[in-house]
*Asks:* 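I have a structure I would like to understand better, so I am pasting it below and will then ask my questions one at a time.
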Amino acid sequence: MNTNEIENIELSFLQLKDYQELKKALIESYPEMPDSYWLRPQLKTLINLFPEGQVVIRVNGQIAGCAFSIIVDLSKYETQHTYKRISGNYSFNTHDPDGNTLYGIEIFIRPEYRGLRLGRRLYDYRKELCERLNLKGVAFGGRIPSYHKYSDQMSPKEYIAKVRLKEIVDPVLNFQMSNDFYPSKILKNYLEGDEESNDYAVLLKWDNIYYEKETTKQPVLTKKIVRLGLIQWQMRPYNNLDDLMNQAEYFVDAVSGYRSDFALFPEFFMAPLMAENNHLSEPEAIRELASHTEEITQRFSELAISYNINIITGSMPEIINDRLYNAGFVCKRDGSVERFEKLHVTPDEAKVWGMQGGSKLKAIETDCGKIGVLICYDIEFPELSRLLADEGVDIIFVPFLTDTQNGYSRVRNCAMARAIENECYVVIAGGVGNLPKVHNMDIQFAQSMVFTPCDFAFPVNGIKAEATPNTEMILIADVDLDLLRELNQFGSVRNLKDRRKDIFQLKRL
């Protein structure tokens, strides 16, 4: 049929009055199996059990195809099953409203209507129904009708691999994989009488990325839209710790007033307190600064609770077992505190201050999902971000401190790359201004930003929000975590899924 002949396409629930027309359509669609059509009592059972799962698609009022489904607990059939078994010998007593998978038992398009992408509409309906019912995914046994031509040359596994590589054309399997279904298992003796498939089928699956497992525990709300508050901190003299924390509280109050979920401070934001130790050597001065770290962390934890916001404290010097580290804390609004540390110290930090690199990288659970924190130089090492992405991190926060535009450009450009590579948001916040009375901290340059992946659902340049360069200010931005899930499954490119794990691996030691 030509598209200019189409007046109307309609998707509707199957009704028993459709039976005779449907039977004729089935016989036309499976000429190689003319006796394999549904009986009227079987369709009546399907409609009574699960009306939403049985749909027909009409073109100009005529049935052009259909899609029938049941719900099963797929774990009961995962090892191996046949069509008879999954359908309860065509009785459909295997339908389980409390199951976890929408299982397709029939889908076809009549020959004269093929080429109109009507099959895609039926698959899309199944996916939408799966999401609406909060099921783990869609599955079905897919025929491989061209396999009989190659069965004496290769195994089903080899055949599927060649279909993937487009070396063999299998119209059914090609179409199913083009609709985001992936081969999960080879099924032997799946469908009686399917000689074209040589008695084989492929268990094809589609995963519902929005599936939320039911739990008997107290429900925990994970936000989908997360509001970020970035503090572009001005380096200025402070008389004491109280003055510094008063300024910090001002910013926490401000971003909290906009109902932000996170407040991000820069690396070494408390460096102005070193001015009182200018008479000391640089290694001694930074160790004196470390004496404030515990109190600052405690105060931030109190602010997180009182302002109902998760605070990423930037970073501070910390002494553990006489070793100097660059570390920071995530002070959560529930009162808990998580520590993170800089793994790669810069040559200057090591040379001037005697600072050590840390050894602990971790994904941090929050009420807004998993986050990671990489301090400044760490964002320039792509392995760290990739490890965090593999652990399910959605947002990577980068508190940084750079003196020149060269240093800032390294942080900025690497952060932008990490957002694309790892299909996540990367958030950077730095200090600006100058500290003429603090050795090794003379000038700072920063432009705080929120980076996104680059695809249709995101800004075309990968920049969600950006501060004015080298000016004290706050930056507020919302990020949508669901967009990351969609990108992972349906993006123009899928950096995480398309990795060649057959030729390289990344793992922790």
Side-chain angles (χ1 to χ4, degrees), residues 207 209 213 220 222 226 262 264 267 293 297 310 312-332 336-347 349-350 354-400 410-411 413-428 451-453 479 481 484-485 487-489 491 493-509:
D207 297 326
I209 60 174
K213 185 176 180 180
V220 177
T222 300
V226 178
F262 290 97
L264 173 63
E267 180 182 26
T293 294
T297 304
N310 301 300
I312 298 162
T313 66
S315 76
M316 299 170 273
E318 185 181 34
I319 298 174
I320 299 176
N321 296 328
D322 294 327
R323 293 195 169 194
L324 180 66
Y325 295 94
N326 187 347
F329 302 86
V330 178
C331 298
K332 303 179 191 177
S336 61
V337 177
E338 298 267 7
R339 180 181 180 274
F340 56 88
E341 55 191 13
K342 192 171 187 176
L343 304 186
H344 300 85
V345 297
T346 63
E349 287 174 306
M355 192 162 277
Q356 307 284 312
S359 59
K360 296 178 181 178
L361 175 71
K362 62 180 177 179
I364 298 171
E365 293 278 3
T366 74
D367 55 5
C368 300
K370 287 185 180 180
I371 68 165
V373 187
L374 298 177
I375 303 172
C376 197
Y377 194 28
D378 280 339
I379 198 63
E380 298 175 33
F381 296 84
E383 300 87 353
L384 301 182
S385 300
R386 179 52 52 84
L387 287 169
L388 290 173
D390 282 342
E391 293 182 20
V393 162
D394 293 318
I395 307 172
I396 296 176
F397 292 93
V398 184
F400 73 92
R410 289 193 296 270
V411 171
N413 293 335
C414 289
M416 180 176 282
R418 302 299 88 85
I420 295 170
E421 294 165 354
N422 299 298
E423 300 172 358
C424 66
Y425 298 106
V426 179
V427 187
I428 67 172
F451 298 111
T452 74
V479 293
L481 303 187
L484 300 179
R485 309 286 175 268
L487 174 70
N488 180 261
Q489 294 291 322
V493 294
R494 295 171 288 188
N495 296 81
L496 289 178
K497 293 184 74 171
D498 291 342
R499 283 177 291 168
R500 289 291 306 278
K501 292 183 178 180
D502 56 324
I503 59 173
F504 67 84
Q505 288 185 337
L506 177 64
K507 61 182 180 180
R508 293 175 182 261
L509 297 178

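Hydrogens, waters and symmetry mates play no part in the numbers below; they use all other heavy atoms, side chains included.
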*Asks:* Considering residues at least two apart in sequence or located in another chain, which fulfil the side-chain hydrogen bond (donor to acceptor under 3.5 Å, both in side chains) criterion with S315?
*Replies:*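 By the side-chain hydrogen bond (donor to acceptor under 3.5 Å, both in side chains) rule, S315 matches N326.
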*Asks:* Quick check against the 3.5 Å criterion: does T313 have a side-chain atom that pairs as donor or acceptor with the backbone of G328?
*Replies:* no
*Asks:* Where do L496 and E423 come nearest, in terms of heavy atoms and distance?
*Replies:*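 What the structure gives for the nearest pair is N-OE2, 3.3 Å.
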*Asks:* Taking the side chain as every heavy atom from C-beta outward, state whether K342 and M355 have any atom pair closer than 4.5 Å.
*Replies:* no
*Asks:* Which atom names give the shortest non-hydrogen contact between E267 and P399, and what distance separates them?
*Replies:* N-CB, 3.6 Å
*Asks:* How are the rings of H344 and F381 set relative to one another: parallel (under 30°), tilted (30 to 60°) or perpendicular (over 60°)?
*Replies:*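 Taking F381 first and then H344, their aromatic rings lie parallel (interplane angle under 30°).
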*Asks:* Does this structure show an ion pair linking E421 with R418, if we count only N-O contacts that are shorter than 4.0 Å?
*Replies:* yes
*Asks:* If you take all heavy atoms of L388 and A363, which pair is closest and at what distance?
*Replies:*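 Reported closest heavy-atom pair: CD2-N, 3.9 Å.
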*Asks:* Could you tell me which residues satisfy salt bridge (Lys or Arg N to Asp or Glu O under 4.0 Å) with R494, sequence neighbours excluded, listed by chain and number?
*Replies:* none
*Asks:* If I take atom CG from residue N422 and atom CG from residue D394, how far apart are they, to the nearest 0.5 angstrom?
*Replies:* 11.5 Å
*Asks:* Could you pull out all donor-acceptor pairs under 3.5 Å where a side-chain atom in residues 502-509 meets a protein atom, sequence neighbours excluded?
*Replies:*
from: D502; atom 1: OD1; to: R500; atom 2: NE; distance (Å): 2.8
from: D502; atom 1: OD2; to: R500; atom 2: NE; distance (Å): 3.3
from: D502; atom 1: OD2; to: R500; atom 2: NH2; distance (Å): 2.7
from: R508; atom 1: NE; to: E391; atom 2: OE2; distance (Å): 3.0
from: R508; atom 1: NH1; to: L361; atom 2: O; distance (Å): 2.9
from: R508; atom 1: NH2; to: L361; atom 2: O; distance (Å): 2.9
from: R508; atom 1: NH2; to: E391; atom 2: OE2; distance (Å): 2.7

*Asks:* Measure from the side-chain N and O atoms of K332 to the backbone N and O of E365, and report whether any donor-acceptor pair falls under 3.5 Å.
*Replies:*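 Between the backbone of E365 and the side chain of K332 there is a qualifying donor-acceptor contact (under 3.5 Å).
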